[in-house]
There are 2 protein chains.
Amino acid sequence: MSKRSAWAEHALRVLREGGYRAGEARRAVVEQVAAQGGCVDAERIDAGLRKRGRRVGTASVYRALGLLSELGLLRRVSLGEGPAIYELVGPGDHHHHHLVCERCGSTTPFEDERLEAAIARLGERLPHSVTSHEVTLHGTCARCERGT
Amino acid sequence: MSKRSAWAEHALRVLREGGYRAGEARRAVVEQVAAQGGCVDAERIDAGLRKRGRRVGTASVYRALGLLSELGLLRRVSLGEGPAIYELVGPGDHHHHHLVCERCGSTTPFEDERLEAAIARLGERLPHSVTSHEVTLHGTCARCERGT
DNA sequence: GTTCCTGCAAAGGTTTTGCACCATA
DNA sequence: TATGGTGCAAAACCTTTGCAGGAAC
């Protein structure tokens, strides 16, 4: 079973266990999100569904993404301006952050122990209670760096 | 001279040196941004100007903030959803990041050497060329933690 | 059969743009 | 006076909401 369809099954299970029905639109969005993988946004999901001939109302796409996010199946990431971007969260996924390519807009996940350690220590020293953090690196991705 | 009016003078100087005119609206926005300090957004600037009786078109506020940002006098920060937020950048300001309080929405700047070192090392190891980074900590600020 | 989900259309908030007029340098 | 700034209104963009009808359990 691919990692992506595994996410879809996981998501549908969590929905069912949460007492949510798997209606036409919701199911279609889950499958499309799984098919696209990585970082998705409402417009791309909508377009992807239309390309496949599945007519789903735009509002339903937003509602589904919002619900999946509430249930922890997606995580909203702040990578800059523009539409809201969500990332798939699977059962065994690692904590990580993102590199954003300024040229092509692609996002690449990475993880770094030293970075996490620095943030953890920092959190202890601050007068705030820190519950989560987000790190975004901006630059040029390897692919854009090579080609034009 | 206060730090804030120093920023306003600095900004007006950079504008002049860049060949930009100091029209009514532009000057008013610079002064209002300086008066509010910290993190500002278009709507607050607009409201602040209206409260002072300075009638400035909304479009001019957006245009001024955009220009100040281009000139490096403001920095756009990604602290979540909602309107675009800009932070004043003065001539002697240190590189720093932000804590965002989930309860009151306030933002607190902080700097940490170890964090910067970890990011610098990380950047060298990655196949990307990293030109900038952003770290946001989410939690509850000291003030909200104490009171209700 | 009841409840929830869905699609449509309308409205919401934020930001940009076109254009005629006016102020700055 | 030439250039660029400004305000207004309209549009663009992303997202949410109200509501009537239909599907899931």
Nearest heavy atom decides the nucleotide; on that basis, is B/D41 or B/Y20 closer to the 5' end of DNA chain C?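 Taking each residue's closest nucleotide, the earlier one in sequence belongs to B/D41.
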
Position toward the 5' end of DNA chain C (nearest nucleotide), A/G23 or B/I85: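 Its nearest nucleotide lies further toward 5', so the answer is A/G23.
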
Donor-acceptor pair, [X] side chain versus [Y] backbone, under 3.5 Å?
X      : Y      : value
B/H133 : A/L137 : no
B/H10  : B/A8   : no
A/W7   : A/A35  : no
B/E134 : B/S78  : yes
B/T107 : B/H98  : no
B/R26  : B/A64  : no
A/R103 : A/C144 : yes

Spacing between [X] atom [atom1] and [N] atom [atom2], to the nearest angstrom:
X     : N      : atom1 : atom2 : answer
A/D46 : C/dG7  : CG    : P     : 10 Å
A/R76 : D/dC14 : CZ    : C1'   : 10 Å
A/R44 : D/dC14 : CZ    : C1'   : 14 Å
A/R54 : C/dG7  : CZ    : P     : 11 Å
B/R27 : D/dT6  : CZ    : C1'   : 14 Å
B/R16 : C/dT24 : CZ    : P     : 15 Å
B/E81 : C/dT14 : CD    : C1'   : 13 Å
A/E43 : D/dT15 : CD    : P     : 10 Å

Measuring centre to centre across the rings, with the benzene-like ring taken for any Trp, is A/H128 within less than 6.0 Å of B/H138?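 Ring centroids of A/H128 and B/H138 are no less than 6.0 Å from each other.
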
When the C1' atoms of the five terminal pairs at each end define the local axes, what inter-axis angle does the helix from C/dG1-D/dC25 to C/dA25-D/dT1 show, to 10 degrees?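 Rounded to the nearest 10 degrees, the bend comes out at 30°.
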
Is B/R21 near enough to D/dG4 that one of its side-chain N or O atoms lies under 4.0 angstrom from OP1 or OP2?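 It does not, given that no N or O in the side chain of B/R21 lies less than 4.0 Å from OP1 or OP2 of D/dG4.
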
Categorize B/E24 for me: base, sugar-phosphate, or nothing, with a 4.0 angstrom heavy-atom threshold over every strand shown.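 If one applies the 4.0 Å heavy-atom cut-off, B/E24 turns out to touch the sugar-phosphate alone, with no base involved.
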
With respect to the side chain of A/P83, which nucleotide from C/dA25, D/dT15, D/dG5 is positioned closest?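 Within the option list, the nearest is D/dT15.
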
Can you pull out the residues from residues 57-69 of chain B that lie within a 4.0 Å heavy-atom distance of DNA chain D?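 Contacting residues: B/G57, B/A59, B/S60, B/R63.
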
Evaluate the side-chain proximity of B/H96 to B/F110: yes if any heavy-atom separation is below 4.5 Å, no if none is.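 Result no, sub-4.5 Å side-chain heavy-atom pair not found.
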
